[in-house]
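See below for the structure under consideration.
Side-chain atoms are counted along with the backbone in the values below, which use heavy atoms only and exclude waters and symmetry mates.
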Amino acid sequence: MSSTAGGEPQDPRLSLGDFIVELEASGAAPADTDLCRRLWTECAGRARFAEAVLRAAAAAGVSVDPESSVFADWVVELCPRLSLALGSGDTAAASVLAQLSAVSETTAVRALTAVADDLLGGIGIHDPEGVLIRLRSSGILTRSEDSARGTLLQVPTLIAAKLRLDLRAEVGAASVVAALLEVLIEHMESAGMVEPELLGDVLLLARNGGHWSQLLRVCEAVGIPMFLLTPRTACTVLRVLPLKARTGRPGLEFFGTLADDITADAADDTPARIRAAVIRHTGPGMLRSRLPGKLGDSEPNVEEEEARPGETTVDAIGTVRQLIGLADSGRHDEAAEMGIRAAAKIRSVRARSVVRLLTAIALHHAAQPRRALSVLNEIEGPARAGHVDGDFLLPSIIAWTALIAAVSGDYERADAQLAESDAPSGFSRAGSEVKPAATHSDAPPTVIIDELVTPPLRIASALRALDRLDLDRAEAEFDALSAYPEMRTLWVYLPFIARISAVLSVDAESGLLFVNDDAERFRDSGVLSEAEKDLIALGRSTVFIALGQLRWAEIDRERLSPACDGRIVLDVRSKLVAGRNDEAISCADTWFYHHSLSPRSRAELAAIRAAAKLRRGDEDAARSDFSTAVSLSAWVSSMLPLALLPLIDRNRLIDLTADARAWAEAAAEFSGSFDSRAELISRLRAIGQVSVDVATMPQLSAGEAQLIDLLGRGLSVAEIADELHQVTGTVKNRLSALYRKFGVSSRAEVLSRARAFGYLA
């Protein structure tokens, strides 16, 4: 029951009409009927309590705002103690629920069962569902329907404020709040989705009670999206944290300084402006400098104070810092293994997913695409379930899955992820109007930590555009990537995309010469992995082959790692351009069925072998091989194996196979890019006009290249004979043959020509 200031009992359950009559009888009733209705709701029909609220507000000269928690917290301090005419256990339960805003029934039950008997004076909550029914019937708990969250329960604002005030006066109140925090934070750590209202409650409870370790757990459980979910509360709670909160807690230092900068940047405290400021302060390259400590400094820090009995837990922020540091130093294998170990010890689903995302990226750089895609597939479901508009986690999983799949040849998966990122039903972003998750526009970032989303997504899109011979799309993505401020080691894809595009599109040799020289301007930062070094050498060698500069192509080919099957394809392609058709066929036959060769490389070998057989005059074999190449190209969803053939050979092979069924397969596979088979074939006939079919420069054997090198070092004939363990007559004969191949008659001339052709630096 409620009571008057003199302690006289009063019926706590009044209808709205009786409530207004009693307020009028007391002389405190406002003239505004709507205000009376609001008071009746927020005071749960307790007229005497409402009277006390009105008189306190009038005495202070402030406006009555029943739904305002700020007004409620102030005015209840001037009101007498509230009696709810409930049993002590139900009153205690109401005091617990009063700590929270509107919550689901599941969360309400979880909150009640969290508070142990001894913390409620031995009363305890043995039947939480029954308690909720009694509190609802007494008006202390109200129900409302939310379109997104369903049925919610809430203690009316003024009643809740009074219960909170009264609880603070009780012995052990801090323990009740601590127990409540523990169960709610455990829920946030394990849940796929966090309710904004509940997050705000937990942040305020932790901050106001000085529960700093609990506050850090909330920050790690939700991460930066807390500023998107509850912008004002997150900034209020985390800005200007006291020194004792930050000391020994690098994670709180990280989130605290971020909140300080966001608050200073936002023009006002409207949610939209705060969200926009969050996106700006986590933009390309900005978050890296915020990470506490030295990047890659040590193993993950186990915080024993946070661990439950029998458990260890890992500092999530510190783990992220170390993973980034290891990646920056090129130690991707170490980063991946550390991420796998650390993720197993992280309690928060969100923090664990972030660490596993970075682990997948490390696996990609370490040339382990299958493991990387497996990790991304495992975390996609939880990320999708808990996606927050404006968050980077799900978009980055989609982007990196698309990139890794495109690079590793899983084109179906790459296309599916790219299609989702472009779909009109894509994810809306905080701080902007609703847009697709990853539109390919030049608009500023609309997600936090955009550098994990936009670069891999655009690279994947550009690579698939090249596979479909969509040079306009590839150029648009390339231009956007070139302007992006933070690429790290992903910059290696820029020269590769530029070089392949040039081979397909330029109409003069100078264009190919320029692209190889210009590509170096894309160099950004980070230590390159073997796979990334391979990408650079692969692009350079492809351009040199197109130019007929086979010696330079060979130099880059020798830089490729043994695991790169591009080495084999480039070698066979060089033999074709050198006019050594028999060798090209023999080498292609040797490697075609080798287990180390990817399907894409196998398609390239089939196309090259077809061209070599055609040059030998074996049209039937050429027709069969090229039909195989077309079928394989359709199967791997890339037209590049065909498009990279010299145009003369390509056109003759197209003529030979014009009626082959394989072209129908190709037309069906690329129907999204070409309206008909004729259009696809027409495209293949129009691109790659500059690439030479047979190099005009001398093609040297390994022994001849060695002889050129010895001449370049200034050795005499006798010294060369000694170096090669040959008689001088043999060396002279070999030199004469070398002069004839270069069309010269002296050492000086052969050295000059050799330098011009790239055989000498």
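Every residue meeting the side-chain contact (heavy atoms from CB on, under 4.5 Å) condition with Ala351, not counting sequence neighbours, appears here in chain and number order: Ala316, Ile346, Ser348. Under the side-chain hydrogen bond (donor to acceptor under 3.5 Å, both in side chains) criterion, Asp268 pairs with Thr270, Arg273, not counting sequence neighbours. Residues satisfying the salt bridge (charged side-chain N to carboxylate O under 4.0 Å, His left out) test with Glu51, not counting sequence neighbours, are Arg48, Arg55. Considering only residues two or more places apart in sequence or on other chains, Glu105 meets the salt bridge (charged side-chain N to carboxylate O under 4.0 Å, His left out) condition with none of them. By the side-chain hydrogen bond (donor to acceptor under 3.5 Å, both in side chains) test, Gln154 pairs with no residue at all, sequence neighbours left out. The side-chain contact (heavy atoms from CB on, under 4.5 Å) test applied to Ile133 returns no partner, not counting sequence neighbours. Taking Arg134 as the reference, Asp90 meet the salt bridge (charged side-chain N to carboxylate O under 4.0 Å, His left out) condition, with sequence neighbours excluded. Shown here are the side-chain hydrogen bond (donor to acceptor under 3.5 Å, both in side chains) partners of Thr107, two or more places apart in sequence or in another chain: Ser104. The side-chain contact (heavy atoms from CB on, under 4.5 Å) test applied to Cys79 returns Phe49, Ala52, Val53, Lys162, not counting sequence neighbours. Applying the salt bridge (charged side-chain N to carboxylate O under 4.0 Å, His left out) criterion to Asp73, with sequence neighbours excluded, gives Arg164. The side-chain hydrogen bond (donor to acceptor under 3.5 Å, both in side chains) test applied to Ser26 returns no partner, not counting sequence neighbours.
For the pair Leu394/Glu380, a side-chain contact is recorded, criterion being any heavy-atom separation below 4.5 Å from C-beta on. No side-chain heavy atom of Glu129 sits less than 4.5 Å from a side-chain heavy atom of Leu132. Looking at heavy atoms from C-beta onward, Ser63 lies out of side-chain contact with Phe71 at the 4.5 angstrom threshold. Residues Ile224 and Leu287 meet the side-chain proximity criterion, which asks for heavy atoms closer than 4.5 Å. Val64 is not listed as a side-chain neighbour of Arg38, based on a closest heavy-atom distance of 4.5 Å or more. Counting heavy atoms from C-beta on, the side chains of Leu198 and Met188 come closer than 4.5 Å. Counting only heavy atoms from C-beta outward, the side chains of Arg347 and Arg217 approach each other to under 4.5 Å. By the 4.5 Å heavy-atom criterion applied to side chains, Glu451 and Phe392 are not counted as neighbours.
Between Met338 atom CE and Thr319 atom OG1 the span is 5.0 Å, to the nearest 0.5 Å. The distance from atom CD1 of Ile185 to atom CG of Leu199, rounded to the nearest 0.5 Å, is 10.5 Å. Atom CD1 of Ile361 is separated from atom CZ of Arg356 by 13.5 Å, given to the nearest 0.5 angstrom. Trp40 CH2 to Cys36 SG: the interatomic distance, rounded to the nearest 0.5 Å, is 12.0 Å. Atom NE2 of His387 is separated from atom CG of Asp389 by 5.0 Å, given to the nearest 0.5 angstrom. Considering CG of Leu39 and CG of Leu23, their distance stands at 7.0 Å, rounded to 0.5 Å.
Remark: the backbone N or O of Ala178 is not paired with any side-chain donor or acceptor of Glu182 at under 3.5 angstrom. Using modelled atom types, no side-chain atom of Glu197 and backbone atom of Ser101 make a donor-acceptor pair closer than 3.5 Å. In this structure, Asp391 contributes its side chain and Ile448 its backbone to no donor-acceptor pair below 3.5 Å. Remark: the backbone N or O of Leu141 is not paired with any side-chain donor or acceptor of Arg136 at under 3.5 angstrom. For Glu253 (side chain) and Arg249 (main-chain N/O), no donor-acceptor pair under 3.5 Å exists by modelled atom type. A donor-acceptor distance shorter than 3.5 angstrom exists from the side chain of Asp315 to the backbone of Gly318, with no hydrogens or angles considered. A distance-only check finds a donor-acceptor pair linking the side chain of Arg46 to the backbone of Ala44 [under 3.5 Å]. A distance-only check finds no donor-acceptor pair linking the side chain of Ser289 to the backbone of Gly285 [under 3.5 Å].
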*Evaluate the criterion side-chain contact (heavy atoms from CB on, under 4.5 Å) for residue pair Leu205 and His211; output intermediate values, then yes/no.*
CA-CA 8 Å; Leu205 285 173; His211 301 284; over 6 Å; no
*Go through Leu229 and Met226 one step at a time and tell me if the side-chain contact (heavy atoms from CB on, under 4.5 Å) criterion holds.*
CA-CA 5 Å; Leu229 285 165; Met226 77 176 90; 5.6 Å; no
*salt bridge (charged side-chain N to carboxylate O under 4.0 Å, His left out) between Arg371 and Glu378, worked out*: CA-CA 11 Å; Arg371 290 182 67 192; Glu378 290 170 3; over 6 Å; no
_Show, in sequence, the C-alpha distance, side-chain angles and deciding distance for Leu393 and Ser353, and conclude whether the side-chain contact (heavy atoms from CB on, under 4.5 Å) test is met._
CA-CA 8 Å; Leu393 184 56; Ser353 292; 3.9 Å; yes
*Checking side-chain contact (heavy atoms from CB on, under 4.5 Å) for the pair Leu152/Arg143: CA distance, chi angles, key distance, verdict?*
CA-CA 6 Å; Leu152 301 178; Arg143 292 182 60 176; over 6 Å; no
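Looking at every heavy atom in both residues, Val355 comes nearest to Gly339 through CG1-O, 3.7 Å. Scanning both residues, Glu42 and Thr157, for their nearest heavy atoms gives OE1-N, 2.6 Å. Taking each heavy atom of Ala29 and Leu54 in turn, the nearest pair found is CA-CD1, 4.5 Å. The nearest pair of heavy atoms linking Val349 to Ser190 is CG2-O, 3.6 Å. The shortest heavy-atom contact between Gly223 and Phe255 is C-CE2, 3.9 Å. Considering every non-hydrogen atom in both Ala362 and Ala335, the closest pair reads CB-CB, 3.9 Å.
Listed by first then second residue, pairs satisfying side chain to side chain donor-acceptor pair (under 3.5 Å) with a partner in residues 232-243 read Thr230-Thr233, not counting sequence neighbours.
Ion pairing between Asp261 and Arg280 fails under the 4.0 Å rule for side-chain N and carboxylate O.
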